[in-house]
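Shown next, in structure tokens, is the structure this report addresses.
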There are 2 protein chains.
Amino acid sequence: MHDEMASRGGTSRKPYHHGNLREALIDGAIAIIAEQDVAAVSLRKVARQIGVTNAAPYHHFENKTALLSAVAAEGFRTLVERGTAAIAAGATPREQMTALGMAYLSNAIEHPAHYQVMFRSDLHQAECEELEAVSGDAFGLLVGCIDRLREELGAQGDLLPLTLAAWSMVHGFATLWTQGALEKKTGIVDWKPMADQVLRMLETMVYSELEAMRDGA
Amino acid sequence: MHDEMASRGGTSRKPYHHGNLREALIDGAIAIIAEQDVAAVSLRKVARQIGVTNAAPYHHFENKTALLSAVAAEGFRTLVERGTAAIAAGATPREQMTALGMAYLSNAIEHPAHYQVMFRSDLHQAECEELEAVSGDAFGLLVGCIDRLREELGAQGDLLPLTLAAWSMVHGFATLWTQGALEKKTGIVDWKPMADQVLRMLETMVYSELEAMRDGA
DNA sequence: TTGATAACTAATCGGTGTCAAGATAGTGAT
DNA sequence: ATCACTATCTTGACACCGATTAGTTATCAA
């Protein structure tokens, strides 16, 4: 972009312009979220760590919710990446759906605080187009999976209720786990075996529902 | 407890002691949550509305998370009430489970902000026994429902994965809806028909899983 | 070189959670 | 009835936060 050591020849001084503050703010916020919590994120703290003053972030984000919306969007972007890769690696529609579910759960549970930012709408800016677009892409992955299954089974009808049921199940498991509710209630420390079971039940649910949509009304 | 107009004979003056500040704080917080949001709750505001000063709440709650834990516990208490009533009204184990699910969703969607407080562990005090007890009671309702179904079908084995899958599905739907994600993604404004469909699929999932636990493996 | 504009600083406002020290009211023993 | 004791509430403060305003500095285009 531009030479960061342009001013005050010779010795290295902080340049007046950061050069890439917007992305630095997003990365800084993500770092704090990963190490601590969303609650630990303040615009002042992020700015301080980067080395700019309180008001600097406001030249790149309208307010705190705008920054967190960008953080959430970034989370959805990696979710879409991982989900797309998982689907690409699956041979059959069935394998693809289960792989997508596992990618969803892995992503959520490996980055629990970031995952919460993605779904805490009170942290988001109203009508953030970037966020809506990329979260829509993520939803599209699931819609695609279920539609391929429908095609495979020759079913027809409205897939929306089934899609929402599937999303609810996976999202609910991720939410309960990242909040510590499941661990506290069951004493289980390893989420993966339980997730395998849940995804297996999801499979049977989707199949029996689609089969019912093939045969009768 | 004691006469609230004891001091300064005749005209009504504010008594130095509130008399029931603890419950007033909880009610005040719940009121703000119902009308606005958890984010709108501050100890100072609640105290102000009641007519006491900033520091007064600290004689009844260790900190803000302690107050919100009490609010969350109150939410679980009414959930247990409604859930118990729903189960009592159901004739068969099947009806009971669906009624419990609908009670869960109704309670969540009618009081979305309060519902979030119940499950936002970052708002809770660590190791709040009251909260853990009453949320455990709520979980017990679901465990009981599924165990009655197991008995009806003569199945045997570990019910935990199935229980978690059921909870995940209902909780996920409630979470997605109260965050506005479903409404935004689908354009649906009335949650009830969709909830009926989801609960119907939950039924079939639970039944097919329990039947598998009766026959083989 | 010169504006114009984007990026940043300095200073400030109202609000928050939390704490320490002091004032007041109720309670129980004598 | 008096006295000490304790729970309750107030006053005043600290550090932090989101956000705004006005001013400063760098960059870039003409």
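Only this structure's heavy atoms are used, side chains among them; waters, hydrogens and symmetry mates stay out. Naming: A, B, ... by sequence-line order, numbering from 1 per chain.
- Under 4.0 Å is where a charged nitrogen must lie from a carboxylate oxygen, and between B:Asp190 and B:Lys192 no such pair does.
- You'll find that the side chain of B:Leu43 is closest to C:dT18, out of C:dA7, D:dA19, C:dT18.
- With D:dG18, C:dT16, C:dT9 as the choices, the nucleotide that has an atom nearest any side-chain atom of B:Lys45 turns out to be C:dT16.
- For the atom pair CG (A:Leu141) and CG (A:Leu79), the distance works out to 7.5 Å, reported to the nearest 0.5 Å.
- A:Thr53 comes within contact range of at least one nucleobase, with a heavy-atom separation under 4.0 Å.
- One interatomic measurement links the two molecules: CG of A:Leu21 to P of C:dA6, which rounds to 16 Å at whole-angstrom precision.
- Nucleotide D:dG18 holds its C1' atom 14 Å from the CD atom of A:Gln125, rounded to whole Å.
- A straight line from CG of A:Leu68 to C1' of D:dC17 spans 14 Å, rounded to a whole angstrom.
- Put simply, CG on A:Leu67 is 14 Å from P on D:dC17, counting in whole angstrom units.
- A donor and an acceptor atom, one from each side chain of A:Ser69 and A:Gln125, are nowhere located under 3.5 Å apart.
- The only option from A:Ile33, A:Asp27, A:Ile32 that meets the side chain to side chain contact (heavy atoms under 4.5 Å, CB included) definition with A:Val71 turns out to be A:Ile33.
- Rounded to whole Å, atom P of C:dT16 lies 14 Å from atom CG of B:Asp37.
- Note: CG (A:Asn63) to P (C:dG15) measures 18 Å, nearest angstrom.
- Checking the phosphate oxygens (OP1, OP2) of C:dT16, a side-chain nitrogen or oxygen of B:Arg48 falls inside 4.0 Å.
- Take the nearest nucleotide of DNA chain D for A:Ala40 and for A:Ala55: the residue whose nucleotide is more 5' is A:Ala40.
- Atom CG of A:Asn54 and atom C1' of D:dC17 are 9 Å apart (whole Å).
- A:Arg22 comes within contact range of no nucleotide atom at all, as no heavy-atom separation falls under 4.0 Å.
- With DNA chain C read from its 5' end, the first of the two nearest nucleotides for B:Lys64 and B:His59 is the one closest to B:Lys64.
- Residue B:His60 places at least one side-chain N or O closer than 4.0 Å to OP1 or OP2 of D:dC9.
- Checking B:Arg120 against A:Gln179 by side-chain atom types alone, no donor-acceptor pair falls below 3.5 Å.
- A donor N or O paired with an acceptor N or O is found under 3.5 Å between the base of D:dG18 and the side-chain atoms of A:Arg44.
- Following rounding to the nearest Å, A:Tyr58 (OH) and D:dT21 (P) show an atom-to-atom distance of 12 Å.
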